[in-house]
Structure formats: C-alpha cells, structure tokens
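Here is the structure we will look at.
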Amino acid sequence: MKLYYFTILLCSALGLLASCDKFLEESSQDELVPTTTKEFNELLMGSGYPLLSGASVGDPPMNTLTTLMDDDVDGIAPRSSTSARTASYRWAFTWQPDYYSTYMNAANTSGANPWASFYNRILGCNIALKYADGSTGDVQDKDYLKGQAYVLRAYYYFQLVNLYGWPYNDANHPPETALGVPLLLSPDLQDATQGRNTVAEVYAQIKQDLDAGIALLEISAVDGGAFRINASAAHLLASRVYLYMEDWASAKLHATQVIERRPTLLNLNGYTVDAASNRVIVSTANPETLWIFGITTEVQSGDLATNTTMFTLSESLASSYTSTDLRWNTYLRKTTGRYLYSAIKWASRSAPGKSWRVAEAYLNRAEANIMAQLSGAGGDLAAALADLNLLRKNRLASASYQPVNFTDAEQALLFCREERRRELCFEDQRWFDLRRYGMPVLEHLWFEPEATRYTLQQGDPAYVLPIPDNVLLNNNQLTQNILAPQRSGTAQ
C-alpha cells in the first residue's frame, strides 16, 4: 500500500490538478490498489486525517498562521538570530498582505499554506466517499468509513471558509453573496478547477456533510478509538458550526448530545502534569478527549513555545487568569521570567498536537443559551451559568472556588467569552472567535530590533487571508480577496 499512498499524496500535492480515478479503477499488477473497505479505511487514515507522526510541512489542522495573528501572543524582545524562519514569523505576526510569498519561501513553511493542506485532506475524504460503497466489506464498516469522511470533510471546509471567507455573521459581507472557497466534492479531474462558492453555500455543504456523517457514525456504532472521528466528536463540531451561524437552538442541541454521552470533565485539583506518563491536557488519558489529532512539530505548539526571546503570552490573556485558576500552571509554563504557552498541554513535540474536548461542549452550550436569551429566542441564563460554573469548579482551586452569578446576560456573555479564551488557548480557536466577535482592533509588538507596534484595524481586510498566488495561477476561475495595504508599524 505504500506505493498507493505515495501516489495519492503526490496527486494532491500537485494542487488537485491530477485525478486519481484512473489509478484507482485500473488493476495494478502488484495488487497495490485498495479493494476492501478495510484498505480504504487505512487510506483515509493516511490521506484524509491530519498526520500523527513524521514531517508535517503545511499539514492541517495546526493553523500556525492564526496563532501568529491573534491576540494571545505578543513580542517580548529582539531575537538574536536573523534566520529566514525568524523573518517568516514577522510577516504573519504583523498582518502583512504579502506574507505568503515571504513566509512560504522562508526556512520554515509549516502551516504556511493551509489552502493546499486542507484541500489535500479533502481529496482523501472524497476518494473514500466515492469508492466506499463499491469496496469489499460489510455494511457497518462502509457506514463507518463514510461517516468519518463526511465529518472530516465538513471540518476542513469549516476551516477553509473561516480562513479565506468573511465571517458568516458579518453584516457588511452577507454570506449569501460573500465569496468563500470552491466546493470540491469528488476526486475527479473535471471538478478540480472551479470558482469560489459563497460563504452560505459552503456552510450549507458543511451542515449536509455533518448530518450525513453523524447519521452514519451512529448507525455503524464502530469504536475506532480516540484517534478516529466518532459521533460525539461530530456533534461537537456541529455545535461549533451552528454557534458561528448563530443558530443557537441547533448549537445547544448538538452540545447537549456531547455532554449527555461524555459528561466528565478533568478536575485539575490535585492534578499533576507529568508528560512521561501522558498526564497532560492533550492526550488519550484525559477523560475529556473526544478526538486527538495532528502533531506538535509545528510553529504553534513547538517553535513558538521555545522562542522565549521572541514571543510571550499577551498581557490581556495572562491577566485574565486569577491566582486560583489552576490552568495558569497547567496549560501554561514560565520560561526565562515570562509566561508562554508551552508543551505542558502536550506530552512532547512528537506527540499528538490537538484534541477536541468535552469542555468546549459546555462552553458552546453556555454561549448558545446566553445568546438565545439576548436575542429573545428562548435562552436560559441559569442553565448557561450552571455549565460555566461546572467547568470552573473543575479548573479553579477548590478551597477558594466561588460560583459566578450574573443577572445581566450581556455581562454573562463577556464572561463566557473570556472563559472560552482561557480554556481553549492555543487550540486553533481564538482567531476564528475574534472574527465572529466583530473583528476587533488588535496590536502586536515586534522588535526590528527597536520596539515597533503594529495595528490590525476593526474589520480589517487582513481578517480574511489572501488566496496563495500559486493557487490563482493554477485556477483562473478564482478571484483574490481584497488585500490589506502594506502595514507600517509605529516606533515605541
């Protein structure tokens, strides 16, 4: 199967300009073409899932660019090295419009081209969906294979549309007319070059894929373990999608499905981090883990965590933790006198880098209840506070824990958003959250070597990433996003 995997990955690496149909349909003399459902399931793991080991240049879902661009990190001091890698950080960190040409040509290109990364994985999902029914295997395994592929494809399109399209809830760019990304739903060559679908069309496909995937995963009832998509993880993704769409009832419904199946939260009281024994947050040992994926050998959880002379935790995030918040020393670590997000959440830089956890379901449901009440859609502030307080009870020191009790829904919403930031820091969610919160003003400090302050304006075009130049060259049906002007900093 190794030759087959290489051929698939090569096809996808060419920017979806080659079809794998002929290879799949013809019989190989050395019988390397998959024919059984089990073999297609293995293929999906290799080319449809995020990589779990080995080199991962540009592989999703680490989204290194978004971590460089959000407000959870800031500059700390001049970096002694003048390497291309250091320079590559600057272009994304200061929201420059031409960072693709600079960042992708630098020494480190990990996560620099999420367009190619996610479409590569979508190709793997499309192959599984096209050939699953014709493979040799029982119905249960075919349902499981297709269920995973549908949910993974929904996730990748959710990532893509939130990187390259305006937020779904942006009144200035209605989703019915704002451009999203092309919907490529088969591995066929003739479908590989097409124009961009609207944001609304992409979200409609995401919902359709989630509905299909959830139904198939629940019917199959196959337990593939924490490294495979399961029904609970699919419901969590659905709750996130509906939260972005401001469909509060559906967000609450899917979050409740997760919580009813997997209610347990990790209690940090008495919890000691021990990477050697896998006692970390992103791990299969964490009872909250629904799905674990990706690797840490990328900028987001690796290089930035060790570049203590370059980046630090932003003051706004650091100051949001109270002295009794156990996440402060469990999710974060202190290095050379400054706090930085670190490998404490992970076992090591060769371990899985990301996970979806039950904690998010409580946060999603709380936000949906608060927003429903604010919009007059039958929310439940008391239920929202119960979810937030249950999470906090497992995160704050027991001796000093006090539940929060808001009577004003607006204040409760602000608190819920801050709690979300504290809980999910550096897990690929903050940049997307900032977009749906209205794309606020952000500031980053960079040393050149003198201190220089860069500003991202309210609703700035840089909140939507430019489509890579090579993608535009290969597909003349695509139109580029509006580019922000070259950004100049202010000396401090």
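Predicted model only: the values in this text are computed from it and were never measured. All residue numbers in this chain count up from 1 along the given sequence.
- You'll find the ring centres of Y463 and W95 outside the 6.0 Å limit.
- Under the rule for a salt bridge (Lys or Arg N to Asp or Glu O under 4.0 Å), the partners of D433 that lie at least two apart in sequence or sit in another chain are R420, R436.
- In this structure, the side chains of P440 and L434 come closer than 4.5 Å at one or more pairs of heavy atoms.
- Here the NZ-CE distance, from K207 to M245, works out to 4.0 Å after rounding to the nearest 0.5 Å.
- Screening residues 150-160 for salt bridge (charged side-chain N to carboxylate O under 4.0 Å, His left out) gives R153-D209 as the qualifying pairs, with residues at least two apart or on separate chains.
- For the pair R487 and F93, the cation does not sit on the ring face, since its NZ or CZ is not both under 6.0 Å from the ring centre and inside 45° of the axis.
- Under the side-chain contact (heavy atoms from CB on, under 4.5 Å) rule, M439 has a single partner from D170, N172, D460, which is D170.
- Using cut-offs of 30° and 60° on the angle between ring planes, the pair Y119 and W115 is tilted.
- The distance from atom CD of E418 to atom OH of Y321, rounded to the nearest 0.5 Å, is 10.0 Å.
- By the side-chain contact (heavy atoms from CB on, under 4.5 Å) test, A383 pairs with N369, D380, sequence neighbours left out.
- Taken from CG in L456 to CE in M69, the straight-line distance is 7.0 Å, to the nearest 0.5 Å.
- Residues passing the ring-ring contact (aromatic ring centres under 6.0 Å, His included) test with Y362, sequence neighbours excluded: none.
- In this structure, W248 has no ring-ring contact (aromatic ring centres under 6.0 Å, His included) partners at least two apart in sequence or on a different chain.
- Listed by chain and residue number, L413, Y437 satisfy the side-chain contact (heavy atoms from CB on, under 4.5 Å) test with R417 (two or more places apart in sequence, or in another chain).
- Aromatic ring orientation, F432 versus F158: perpendicular (interplanar angle above 60°, classes split at 30° and 60°).
- With hydrogens and angles left out, the side-chain atoms of S316 and R421 include a donor and acceptor closer than 3.5 Å.
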Inset, instruction - Give the intermediate values and the outcome of side-chain contact (heavy atoms from CB on, under 4.5 Å) for residues Y49 and F293. - result: CA-CA 8 Å; Y49 273 84; F293 56 96; 5.8 Å; no
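- In this structure the side chain of V181 reaches within 4.5 angstrom of the side chain of V202, judged on heavy atoms.
- The salt bridge (Lys or Arg N to Asp or Glu O under 4.0 Å) search around E201 returns none, not counting sequence neighbours.
- In this structure, E360 does not pair ionically with R357, as no charged nitrogen and carboxylate oxygen lie closer than 4.0 Å.
- At a cut-off of 3.5 Å, with distance as the only test, a side-chain donor of N364 or S239 sits close to an acceptor on the other residue.
- Under the rule for a side-chain contact (heavy atoms from CB on, under 4.5 Å), the partners of A377 that lie at least two apart in sequence or sit in another chain are A372, S375.
- With values rounded to the nearest 0.5 angstrom, I122 atom CD1 is found 10.5 Å from Q159 atom CD.
- With respect to the salt-bridge test (charged N to carboxylate O, under 4.0 angstrom), the residues K354 and E427 do not qualify.
- Not counting sequence neighbours, the partners of H235 by the ring-ring contact (aromatic ring centres under 6.0 Å, His included) test are H254.
- Here the side chains of Y242 and K252 are not in contact, with every heavy-atom distance at 4.5 Å or above.
- At a threshold of 4.5 Å between non-hydrogen side-chain atoms, the residues R453 and W446 do not count as touching.
- With values rounded to the nearest 0.5 angstrom, D387 atom CG is found 4.0 Å from R365 atom CZ.
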Inset, instruction - Check the pair E423 / L363 against side-chain contact (heavy atoms from CB on, under 4.5 Å), numbers first and verdict last. - result: CA-CA 9 Å; E423 178 63 32; L363 290 164; 3.9 Å; yes
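- Taking Y454 as the reference, nothing meets the ring-ring contact (aromatic ring centres under 6.0 Å, His included) condition, with sequence neighbours excluded.
- Proximity of V471 to L478: side-chain heavy atoms (C-beta onward) are separated by under 4.5 Å at one or more points.
- Residues meeting the salt bridge (Lys or Arg N to Asp or Glu O under 4.0 Å) test with K146, sequence neighbours left out: D133.
- Distance check: L414 CG to F406 CZ gives 8.5 Å after rounding to the nearest 0.5 Å.
- Salt-bridge check for R430 with D71: passed, with a basic side-chain N closer than 4.0 Å to an acidic carboxylate O.
- The side-chain contact (heavy atoms from CB on, under 4.5 Å) check on T479 picks up L179, R196, with sequence neighbours excluded.
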